[in-house]
*Asks:* 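Okay, handing you the structure first.
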Amino acid sequence: MIRTVRAAALIALVAAVPSALAAQAAPAALPTWSIDVAHSEVNFRIRHFMSRVSGTFTDWSGTIQGDPANWSGGSVTATINVASVDTRQERRDADLRSGRFFAVDSFPTITFVSRSVVQAGDSLTVSGDLTMRGVTKPVVLRGMVLGVMPGERPRAGFEVTTTLNRLDYGVMYNRVLEGGGTMLGDDVEIRINVEALRQPPAP
């Protein structure tokens with residue numbers, strides 16, 4: 001009887017060791033940061049004839065997970081409400097929402113999901129997938145970590161840029177000019193400024 005009890009105790013101990021080791025080895029969850037859209041911007045710029053036209057989106061959201069000591073290994077997700085496009089000209093904005101450009105009725109959002117985040121000094125590289133008009137393409141955002149403000153609710157600042165070819169996402173509309181060339185450029189410059197607010201840890 002004593003041998004049976006000892007054997008059962010030994011089996012239970014052996015079974016518990018892997019679970020205990022796994023729990024001990026499990027990395028701590030990275031802090032979560034919510035993008036403060038009131039203090040952040042998603043801006044774009046494209047050639048129009050010989051100059052540039054810029055615009056922004058006023059309705060979007062995003063979440064960052066990362067250690068402010070070094071953001072490498074973190075993650076970023078963001079969603080843009082495309083109907084909120086704003087170029088300070090209502091007629092142009094309505095055209096951008098149409099099927100010639102963003103096709104908002106069929107594709108109401110633009111999303112970004114990171115695959116990797118790498119920080120080297122103050123430099124930041126975020127690689128991920130951008131989905132627009134139902135097309136998903138890899139993009140690389142490069143920029144800077146602007147700093148982290150400590151306090152009861154820490155804040156972090158970032159600035160990143162990239163350039164997209166709109167044709168890759170099915171935005172084909174253009175107009176050929178009489179003297180040669182086209183009305184619109186194909187490349188779209190993107191500049192994103194982010195202020196993120198650290199969220200309280202889950203209870």
*Asks:* Give a yes or no on whether the backbone of Gly66 and the side-chain of Trp33 come within a donor-acceptor separation of less than 3.5 Å.
*Replies:* yes
*Asks:* Find the distance between CG (Leu141) and CD (Glu159) and round it off to the nearest 0.5 Å.
*Replies:* 12.0 Å
*Asks:* Applying a strict under-4.5 Å side-chain criterion to I, L, V, M, F, W and Y, I'd like to know whether Val135 and Ile190 cluster together.
*Replies:* yes
*Asks:* Rounded at 0.5 Å granularity, tell me how far OG1 in Thr136 sits from CG in Leu130.
*Replies:* 8.0 Å
*Asks:* State, with a plain yes or no, whether a side-chain heavy atom of Phe57 is found less than 4.5 Å away from one of Asp86.
*Replies:* no
*Asks:* Starting from Met144 and following side-chain heavy-atom contacts under 4.5 Å between hydrophobic residues (I, L, V, M, F, W, Y), which residues can be reached?
*Replies:* Leu146
*Asks:* Once salt bridge (Lys or Arg N to Asp or Glu O under 4.0 Å) is applied, do any residues pair with Asp95, and if so which ones, sequence neighbours excluded?
*Replies:* Arg100
*Asks:* For Arg92, look at atom CZ and say whether over 12 heavy atoms of other residues, nucleotides or ligands are found less than 6.0 Å away.
*Replies:* yes
*Asks:* Evaluate the salt bridge (Lys or Arg N to Asp or Glu O under 4.0 Å) criterion for residues Arg166 and Asp186: first the C-alpha distance (whole Å), next the side-chain angles of each, then the deciding distance (0.1 Å), finally the verdict.
*Replies:* CA-CA 6 Å; Arg166 64 189 181 90; Asp186 295 336; 3.7 Å; yes
*Asks:* Arg115: what forms a salt bridge (Lys or Arg N to Asp or Glu O under 4.0 Å) with it, not counting sequence neighbours?
*Replies:* Asp129
*Asks:* My understanding is that only residues two or more places apart in sequence, or in another chain, count here; which of them pass side-chain hydrogen bond (donor to acceptor under 3.5 Å, both in side chains) with Ser34?
*Replies:* none
*Asks:* Sequence neighbours left out, what passes side-chain hydrogen bond (donor to acceptor under 3.5 Å, both in side chains) with Thr56? Give chain and number order.
*Replies:* Asn43
*Asks:* Could you measure the distance from the CD atom of Glu41 to the OG1 atom of Thr58? Nearest 0.5 Å is fine.
*Replies:* 11.5 Å
*Asks:* From Ile64 CD1 over to Leu30 CG, what is the distance, rounded to the nearest 0.5 angstrom?
*Replies:* 12.0 Å
*Asks:* Can you name the residues that form a side-chain hydrogen bond (donor to acceptor under 3.5 Å, both in side chains) with Arg155, not counting sequence neighbours?
*Replies:* Asp36, Glu195
*Asks:* For the pair Arg153 (side chain) and Gln199 (backbone), establish whether a donor and an acceptor sit closer than 3.5 Å, ignoring hydrogens and angles.
*Replies:* no
*Asks:* Nearest 0.5 angstrom please: Lys137 NZ to Met132 CE, how far?
*Replies:* 11.0 Å
*Asks:* Between atom OG1 of Thr162 and atom CZ of Phe112, what is the distance when rounded to the nearest 0.5 Å?
*Replies:* 9.0 Å
*Asks:* Under 4.5 Å between side-chain heavy atoms, counting indirect links through other Ile/Leu/Val/Met/Phe/Trp/Tyr residues: same cluster for Val53 and Phe102 or not?
*Replies:* no
